[in-house]
Asks: 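One structure coming up, written as C-alpha coordinates, with questions to follow.
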Amino acid sequence: MEVAEPVTIERSMVEGALADLGLALTEAKAVLAKLQEIMVQSQTAEYAACHRVCPHCRVPQPVKDRRTRRLQTLFGTEEVEAPRFRVCQCRPLAPVVAAVSSPVCRLLTARGTPELERVQAELGARTSFQKAARILKTLAPASPGNHESVRTRTHAAALRLEAADRQAMAAVVASDTPRRRRAGRLSCSTAPMCARCRVTKCGNLR
(Lines give C-alpha, C1' and ligand atoms only; values in the text may rest on other atoms or scores of the structure.)
Protein backbone atom coordinates (compact mmCIF):
# COMPACT_ATOMS: atom_id res chain seq x y z
CA MET A 1 0.00 0.00 0.00
CA GLU A 2 1.39 3.37 -1.01
CA VAL A 3 1.50 6.06 1.64
CA ALA A 4 1.55 9.68 0.47
CA GLU A 5 1.08 13.08 2.05
CA PRO A 6 -1.64 14.67 -0.07
CA VAL A 7 -1.63 18.20 1.34
CA THR A 8 -0.52 20.18 4.35
CA ILE A 9 -2.71 22.88 5.90
CA GLU A 10 -1.42 25.12 8.65
CA ARG A 11 -3.45 27.81 10.39
CA SER A 12 -2.34 29.44 13.62
CA MET A 13 -5.02 29.87 16.29
CA VAL A 14 -3.03 32.11 18.64
CA GLU A 15 -5.15 35.09 17.64
CA GLY A 16 -7.67 33.20 15.56
CA ALA A 17 -11.43 33.49 15.38
CA LEU A 18 -14.35 31.08 15.10
CA ALA A 19 -14.16 31.19 11.30
CA ASP A 20 -10.59 29.85 11.46
CA LEU A 21 -11.60 26.56 13.09
CA GLY A 22 -11.58 23.45 10.93
CA LEU A 23 -11.27 23.11 7.19
CA ALA A 24 -12.64 25.74 4.87
CA LEU A 25 -14.61 24.61 1.84
CA THR A 26 -11.80 25.44 -0.57
CA GLU A 27 -9.32 23.52 1.60
CA ALA A 28 -11.60 20.49 1.83
CA LYS A 29 -12.03 20.48 -1.94
CA ALA A 30 -8.26 20.63 -2.40
CA VAL A 31 -7.77 17.71 -0.01
CA LEU A 32 -10.43 15.61 -1.77
CA ALA A 33 -9.00 16.40 -5.20
CA LYS A 34 -5.49 15.37 -4.14
CA LEU A 35 -6.70 12.21 -2.44
CA GLN A 36 -8.69 11.28 -5.53
CA GLU A 37 -5.68 11.83 -7.78
CA ILE A 38 -3.44 9.61 -5.63
CA MET A 39 -6.05 6.88 -5.26
CA VAL A 40 -7.07 6.71 -8.93
CA GLN A 41 -3.49 6.63 -10.17
CA SER A 42 -2.54 3.96 -7.63
CA GLN A 43 -5.55 1.78 -8.47
CA THR A 44 -5.08 1.97 -12.24
CA ALA A 45 -1.35 1.23 -11.90
CA GLU A 46 -2.15 -1.84 -9.78
CA TYR A 47 -4.79 -2.96 -12.29
CA ALA A 48 -2.37 -2.64 -15.21
CA ALA A 49 0.40 -4.50 -13.35
CA CYS A 50 -1.91 -7.40 -12.44
CA HIS A 51 -3.22 -7.76 -16.00
CA ARG A 52 0.22 -7.48 -17.55
CA VAL A 53 0.99 -11.04 -16.46
CA CYS A 54 0.16 -13.61 -19.15
CA PRO A 55 -2.68 -15.84 -17.93
CA HIS A 56 -1.09 -18.90 -19.61
CA CYS A 57 2.62 -18.83 -18.78
CA ARG A 58 2.48 -16.26 -15.92
CA VAL A 59 5.25 -14.17 -17.52
CA PRO A 60 4.93 -10.35 -17.73
CA GLN A 61 4.02 -9.27 -21.26
CA PRO A 62 6.32 -6.72 -22.94
CA VAL A 63 5.23 -3.09 -23.00
CA LYS A 64 4.49 -1.72 -26.48
CA ASP A 65 3.94 1.91 -25.48
CA ARG A 66 2.44 4.08 -22.77
CA ARG A 67 -0.56 6.31 -23.30
CA THR A 68 -2.76 8.39 -21.02
CA ARG A 69 -6.50 8.52 -20.43
CA ARG A 70 -8.60 11.18 -18.74
CA LEU A 71 -11.29 10.19 -16.28
CA GLN A 72 -13.91 12.59 -14.94
CA THR A 73 -14.78 11.96 -11.30
CA LEU A 74 -16.82 13.66 -8.62
CA PHE A 75 -13.59 15.03 -7.17
CA GLY A 76 -11.83 16.21 -10.32
CA THR A 77 -10.56 15.06 -13.70
CA GLU A 78 -7.71 12.58 -13.37
CA GLU A 79 -5.12 11.71 -16.00
CA VAL A 80 -3.94 8.11 -15.67
CA GLU A 81 -1.36 6.06 -17.47
CA ALA A 82 -2.72 3.35 -19.77
CA PRO A 83 0.17 1.15 -20.97
CA ARG A 84 -0.34 -1.20 -23.89
CA PHE A 85 1.17 -4.68 -23.79
CA ARG A 86 2.22 -6.93 -26.67
CA VAL A 87 0.76 -10.42 -26.84
CA CYS A 88 2.85 -12.99 -25.02
CA GLN A 89 5.19 -15.20 -27.12
CA CYS A 90 3.51 -18.30 -25.73
CA ARG A 91 0.51 -17.47 -27.94
CA PRO A 92 1.96 -17.08 -31.47
CA LEU A 93 -1.39 -17.86 -33.12
CA ALA A 94 -3.29 -15.08 -31.38
CA PRO A 95 -5.47 -12.99 -33.74
CA VAL A 96 -4.11 -9.67 -34.97
CA VAL A 97 -6.76 -7.69 -33.08
CA ALA A 98 -5.51 -9.26 -29.85
CA ALA A 99 -1.81 -8.61 -30.56
CA VAL A 100 -1.91 -5.56 -28.29
CA SER A 101 -3.93 -5.16 -25.10
CA SER A 102 -4.58 -2.20 -22.82
CA PRO A 103 -6.15 -3.30 -19.52
CA VAL A 104 -6.70 0.27 -18.30
CA CYS A 105 -8.57 1.21 -21.49
CA ARG A 106 -10.81 -1.82 -21.00
CA LEU A 107 -11.40 -0.75 -17.42
CA LEU A 108 -12.39 2.82 -18.32
CA THR A 109 -15.57 2.03 -20.23
CA ALA A 110 -16.84 5.62 -19.94
CA ARG A 111 -15.39 9.10 -19.67
CA GLY A 112 -16.89 9.61 -16.21
CA THR A 113 -17.32 7.49 -13.12
CA PRO A 114 -20.78 6.08 -12.33
CA GLU A 115 -20.86 8.12 -9.12
CA LEU A 116 -20.35 11.40 -11.02
CA GLU A 117 -23.04 10.46 -13.53
CA ARG A 118 -25.47 9.51 -10.75
CA VAL A 119 -24.97 12.76 -8.82
CA GLN A 120 -25.25 14.88 -11.97
CA ALA A 121 -28.39 13.05 -13.07
CA GLU A 122 -30.01 13.35 -9.62
CA LEU A 123 -29.30 17.08 -9.37
CA GLY A 124 -30.37 17.62 -12.97
CA ALA A 125 -33.68 15.90 -12.27
CA ARG A 126 -34.39 18.05 -9.19
CA THR A 127 -33.41 21.48 -10.51
CA SER A 128 -32.28 23.24 -13.67
CA PHE A 129 -29.11 22.05 -15.37
CA GLN A 130 -27.37 25.39 -14.77
CA LYS A 131 -28.16 25.29 -11.04
CA ALA A 132 -27.04 21.67 -10.80
CA ALA A 133 -23.69 22.55 -12.39
CA ARG A 134 -23.25 25.49 -10.00
CA ILE A 135 -24.02 23.31 -6.97
CA LEU A 136 -21.43 20.75 -8.01
CA LYS A 137 -18.86 23.43 -8.71
CA THR A 138 -19.47 25.04 -5.30
CA LEU A 139 -19.54 21.98 -3.07
CA ALA A 140 -17.19 19.52 -4.77
CA PRO A 141 -14.17 19.61 -7.08
CA ALA A 142 -16.30 17.80 -9.65
CA SER A 143 -15.56 17.82 -13.34
CA PRO A 144 -16.72 18.96 -15.74
CA GLY A 145 -18.61 21.87 -14.21
CA ASN A 146 -20.88 22.87 -17.09
CA HIS A 147 -24.61 22.37 -17.52
CA GLU A 148 -24.26 20.57 -20.87
CA SER A 149 -22.68 17.55 -19.21
CA VAL A 150 -25.38 17.59 -16.52
CA ARG A 151 -28.11 17.64 -19.17
CA THR A 152 -26.48 14.86 -21.21
CA ARG A 153 -26.07 12.55 -18.23
CA THR A 154 -29.55 13.30 -16.89
CA HIS A 155 -31.05 12.33 -20.24
CA ALA A 156 -28.86 9.22 -20.38
CA ALA A 157 -30.05 8.17 -16.93
CA ALA A 158 -33.67 8.73 -17.99
CA LEU A 159 -33.17 6.55 -21.07
CA ARG A 160 -31.67 3.76 -18.95
CA LEU A 161 -34.62 3.92 -16.56
CA GLU A 162 -37.09 3.81 -19.45
CA ALA A 163 -35.30 0.82 -20.96
CA ALA A 164 -35.37 -0.96 -17.61
CA ASP A 165 -39.11 -0.25 -17.27
CA ARG A 166 -39.78 -1.63 -20.75
CA GLN A 167 -37.84 -4.79 -19.95
CA ALA A 168 -39.78 -5.23 -16.71
CA MET A 169 -43.12 -4.75 -18.49
CA ALA A 170 -42.11 -7.21 -21.21
CA ALA A 171 -41.22 -9.78 -18.56
CA VAL A 172 -44.61 -9.29 -16.86
CA VAL A 173 -46.48 -9.68 -20.17
CA ALA A 174 -44.47 -12.78 -21.08
CA SER A 175 -45.22 -14.43 -17.74
CA ASP A 176 -48.93 -13.49 -17.92
CA THR A 177 -49.55 -14.75 -21.48
CA PRO A 178 -49.77 -18.50 -20.61
CA ARG A 179 -52.35 -17.79 -17.87
CA ARG A 180 -54.49 -15.79 -20.32
CA ARG A 181 -54.37 -18.60 -22.85
CA ARG A 182 -55.44 -21.18 -20.26
CA ALA A 183 -58.26 -18.91 -19.11
CA GLY A 184 -59.40 -18.47 -22.72
CA ARG A 185 -59.52 -22.21 -23.31
CA LEU A 186 -61.59 -22.75 -20.18
CA SER A 187 -64.12 -20.08 -21.10
CA CYS A 188 -64.55 -21.52 -24.60
CA SER A 189 -65.16 -25.03 -23.28
CA THR A 190 -67.92 -23.89 -20.93
CA ALA A 191 -69.72 -21.50 -23.31
CA PRO A 192 -73.06 -22.72 -24.89
CA MET A 193 -72.92 -23.86 -28.56
CA CYS A 194 -75.56 -23.81 -31.27
CA ALA A 195 -76.88 -27.32 -32.03
CA ARG A 196 -77.12 -26.62 -35.79
CA CYS A 197 -73.84 -24.82 -36.67
CA ARG A 198 -71.75 -25.83 -33.68
CA VAL A 199 -70.58 -22.22 -33.17
CA THR A 200 -70.34 -20.67 -29.73
CA LYS A 201 -71.36 -17.14 -30.74
CA CYS A 202 -74.27 -17.77 -33.06
CA GLY A 203 -77.35 -15.67 -33.84
CA ASN A 204 -79.58 -18.72 -33.29
CA LEU A 205 -78.68 -18.76 -29.60
CA ARG A 206 -81.22 -16.90 -27.44
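Quick note: numbers below take in every heavy atom, side chains included, and nothing from hydrogens, waters or symmetry partners. In this text, all values refer to a predicted model and were calculated from it rather than measured experimentally.
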Asks: What residues form a side-chain contact (heavy atoms from CB on, under 4.5 Å) with L18, not counting sequence neighbours?
Replies: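 By the side-chain contact (heavy atoms from CB on, under 4.5 Å) rule, L18 matches L21.
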Asks: Name all residues meeting the side-chain contact (heavy atoms from CB on, under 4.5 Å) criterion together with R84; count only those two or more places apart in sequence or in a different chain, and write none if there are none.
Replies: K64, D65, R67, V100, S102
Asks: Just jot down the side-chain contact (heavy atoms from CB on, under 4.5 Å) partners of R166, sequence neighbours excluded, or say none.
Replies: E162, A163
Asks: Between CG of L32 and CG of L74, what distance do you get to the nearest 0.5 Å?
Replies: 8.5 Å
Asks: Looking at residues at least two apart in the chain, or sitting in another chain, which of them share a side-chain hydrogen bond (donor to acceptor under 3.5 Å, both in side chains) with Q36?
Replies: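 side-chain hydrogen bond (donor to acceptor under 3.5 Å, both in side chains) list for Q36, sorted by chain: T73.
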Asks: Could you pull out all residues at least two apart from R66 that satisfy side-chain hydrogen bond (donor to acceptor under 3.5 Å, both in side chains)?
Replies: E81
Asks: Excluding sequence neighbours, so at least two apart, what forms salt bridge (Lys or Arg N to Asp or Glu O under 4.0 Å) with R69?
Replies: none
Asks: Rounded at 0.5 Å granularity, tell me how far OG1 in T44 sits from CG in L107.
Replies: 8.0 Å
Asks: Kindly compute the distance separating CD (E78) from CG (L108), expressed to the nearest 0.5 Å.
Replies: 11.5 Å
Asks: Enumerate the ring pair (Phe, Tyr, Trp, His ring centres under 6.0 Å) contacts for residues 20-54, please, sequence neighbours excluded, ordered by first and then second residue.
Replies: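 Sorted result for residues 20-54: Y47-H51.
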Asks: For E117, enumerate each residue passing the salt bridge (Lys or Arg N to Asp or Glu O under 4.0 Å) test, keeping only those at least two apart in sequence or located in another chain.
Replies: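 None.
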Asks: By side-chain contact (heavy atoms from CB on, under 4.5 Å), which residues pair with E122, not counting sequence neighbours?
Replies: R118, R126
Asks: Which heavy atom in Q120 sits nearest to a heavy atom in T154, and how many Å separate them?
Replies: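 Taking Q120 first and T154 second, the nearest heavy atoms are O-OG1, 3.6 Å.
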Asks: Test of understanding: with salt bridge (Lys or Arg N to Asp or Glu O under 4.0 Å), list the residues that count as partners of R52, not counting sequence neighbours.
Replies: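 Scan of R52 (salt bridge (Lys or Arg N to Asp or Glu O under 4.0 Å), adjacent residues dropped) gives none.
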Asks: With R160, which residues qualify under salt bridge (Lys or Arg N to Asp or Glu O under 4.0 Å), at least two apart?
Replies: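 Expected list: none.
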